[in-house]
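All remarks here apply to the structure that follows.
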Amino acid sequence: MANITCKALSKQYDGGAPVLHPLDLQIDEGEFVVLLGPSGCGKSTMLRMIAGLEEISGGDLMIGDAVVNAVPARERNVAMVFQNYALYPHMSVYDNIAFGLRRLHTPKDEIDRRVREVAAMLNLDALLERKPRAMSGGQQQRAAIARAMIKTPAVFLFDEPLSNLDAKLRAQLRTDIKRLHQRLKTTTVYVTHDQLEAMTLADRVILMRGGRIEQEGTPTELYRRPRTLFAAGFIGTPAMNFIDGVVERSGEALSVRVKGEAWPLHGPRFGRLQDAQAVRLAIRPNYVGLTEGASPPGALALRGTVELVEVLGAEALVTVECAGERLAALVPSARLPAPGASVTLEFGMQDLHVFDTKTEENLALELQYDTADPPLRTPAARPMAKAGVHQGAI
Ligand code: ADP
Ligand code: MG
């Protein structure tokens with residue numbers, strides 16, 4: 001096992017524009033880190049530099065205590081799993097898994113013991129004699145993971161390994177990978193553009209954007225405390241609601257004007273907001289309350305018309321049109337409004353993020369529940385929770 005350190009690591013291809021701007025990163029031994037970001041932001045490039053498959057343009061990369069910039073891939077003791085399964089088609093699963101150890105001239109009975117051990121871990125026992133083409137995508141990818149695991153690498157690298165699988169297999173293999181990591185504790189760097197995958201797998205998420213680190217933290221930190229508008233929009237399902245507003249401050253009184261309504265704000269969290277500042281408010285659908293009646297005076301609320309009701313199971317996503325803006329509320333599906341109904345959306349001040357429209361920075365980062373431990377609130381404990389505000393999960 002090993003830790004990984006990047007110091008001002010950068011990359012440009014053949015004198016082109018920088019693909020990775022100098023970035024610093026520390027990955028601890030045994031940690032499961034996910035590089036998350038939209039397509040083209042430099043995730044694979046970063047991973048391939050760690051693997052030794054891509055030349056480093058600037059800075060230092062260390063695995064353990066050694067700078068490995070010039071160390072060839074095969075001497076780095078890393079194993080990589082790619083999006084396409086990359087198995088040898090003419091070999092059985094057994095031979096595919098054993099391949100790496102045979103090349104190292106490992107004794108035959110030890111190879112056999114280790115192949116059966118990793119095969120058992122990945123539920124491949126019954127498939128060892130199969131050829132890859134006779135297996136499902138999920139089975140093939142499990143075999144590819146087994147092949148990467150067998151050499152007990154110091155570092156495990158995954159580049160979108162689940163992208164080619166259907167949703168059910170993806171969820172299954174995600175659980176397998178997580179379980180495997182809990183058992184082996186191998187330092188892992190995992191690349192994906194899928195925020196759900198990142199949130200469910202990672203000890204720590206590195207959110208990337210345009211060759212830079214946008215924000216890093218535990219899944220919960222990124223979910224609760226997005227530092228930028230980009231992070232707020234990228235993390236969490238269903239996606240964050242955004243509404244434009246303008247701050248009104250006169251003396252002690254603070255409010256934000258939204259679609260003609262003045263929403264009063266109070267508390268130290270909003271201390272940075274300035275009069276006439278243009279802001280983008282953000283709130284997650286699972287913190288939006290939906291009622292049919294009017295809202296009490298002073299509530300942070302908007303009237304609107306139900307446009308769409310999507311039942312997801314126990315919950316439903318209700319899309320409401322409020323003065324030209326579409327906002328979503330995730331509510332229990334037991335009592336749902338019909339499309340076309342007039343409703344009130346209510347927003348808890350404690351759940352509201354406020355971003356500067358120009359800098360896109362979060363101006364009120366410390367959500368109220370960050371100071372309360374534990375953050376769990378039941379619907380009944382919330383003043384506005386008549387019909388369906390409830391604690392959201394990631
Ligand atoms: P991601 O994995 O996040 O989708 P990549 O690391 O593959 O992103 O690519 C980052 C950027 O680098 C993209 O703009 C891509 O076009 C560019 N790029 C990737 N590989 C090469 C290459 N071999 N030569 C030139 N540009 C490349
Ligand atoms: Mg990629």
Side-chain angles (χ1 to χ4, degrees), residues 4-25 27 31-61 63 68-70 72-73 76 78-87 137 140-141 144-145 148 155-167 169-170 173-174 177 187-202 204-217 219 222 226-237 239:
I4 301 170
T5 310
C6 304
K7 288 186 184 154
L9 198 68
S10 67
K11 177 70 183 178
Q12 55 193 121
Y13 288 100
D14 311 321
V19 163
L20 285 177
H21 300 273
L23 59 85
D24 296 311
L25 189 59
I27 297 169
E31 202 178 8
F32 197 122
V33 162
V34 174
L35 303 180
L36 172 68
S39 176
C41 71
K43 307 179 296 294
S44 293
T45 300
M46 178 82 192
L47 200 71
R48 292 170 60 80
M49 290 200 315
I50 297 173
L53 300 173
E54 202 66 72
E55 210 175 296
I56 291 169
S57 307
D60 278 329
L61 174 72
I63 299 180
V68 296
N69 289 31
R76 288 192 190 188
V78 303
M80 188 150 164
V81 177
F82 300 88
Q83 178 175 341
N84 40 11
Y85 321 123
L87 295 169
Q140 288 186 50
Q141 195 59 310
I145 294 170
V155 176
F156 240 140
L157 304 174
F158 291 90
D159 194 350
E160 313 244 11
L162 310 184
S163 298
N164 287 355
L165 306 176
D166 65 48
L169 273 178
R170 212 155 52 218
L173 205 48
R174 203 171 67 206
I177 290 173
T187 310
T188 302
V189 188
Y190 185 107
V191 160
T192 181
H193 66 274
D194 179 341
Q195 65 89 29
L196 184 66
E197 228 169 274
M199 300 296 266
T200 48
L201 282 170
R204 187 154 54 102
V205 177
I206 314 282
L207 178 62
M208 294 176 65
R209 180 194 193 185
R212 290 191 171 86
I213 295 176
E214 180 84 359
Q215 183 171 358
E216 60 180 286
L222 263 78
R227 292 186 172 279
T228 63
L229 207 53
F230 176 81
F234 205 85
I235 305 273
T237 33

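Excluded from the calculations below are hydrogen atoms, water molecules and symmetry mates; all remaining heavy atoms, backbone and side chain alike, are included. Counting starts at 1 for both ligands and their atoms, following the listed order.
- Between Arg174 and Glu197 no salt bridge is recorded (no basic side-chain N to carboxylate O distance below 4.0 Å).
- Exactly one of Thr237, Asp194, Ile235 qualifies for a side-chain contact (heavy atoms from CB on, under 4.5 Å) with Met199. That residue is Ile235.
- A distance of 3.5 Å separates OH of Tyr190 from CG of Leu162, quoted to the nearest 0.5 Å.
- The distance from the CG atom of Leu229 to the CD atom of Glu214 is 9.5 Å, given to the nearest 0.5 Å.
- Here the CZ atom belonging to Arg204 is positioned 6.5 Å from the CD1 atom belonging to Ile27, to the nearest 0.5 angstrom.
- Within the model, atoms OG1 of Thr192 and CD of Glu160 stand 5.0 Å from one another, a figure rounded to the nearest 0.5 Å.
- Take the Mg ion (ligand 2) and draw a sphere of radius 2.8 Å; the protein N/O/S atoms inside it number 1.
- Residues of the protein with a heavy atom under 4.0 Å from ligand 1 are Tyr13, Val19, Pro38, Ser39, Gly40, Cys41, Gly42, Lys43, Ser44, Thr45, listed by chain and number.
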Worked check of side chain to side chain contact (heavy atoms under 4.5 Å, CB included) between Glu55 and Lys11: CA-CA 8 Å; Glu55 210 175 296; Lys11 177 70 183 178; 4.0 Å; yes
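- Here Leu53 contributes atom CG and Leu47 contributes atom CG; the two are 8.5 Å apart, rounded to the nearest 0.5 Å.
- The distance from atom CG of Asn69 to atom OG of Ser57, rounded to the nearest 0.5 Å, is 10.5 Å.
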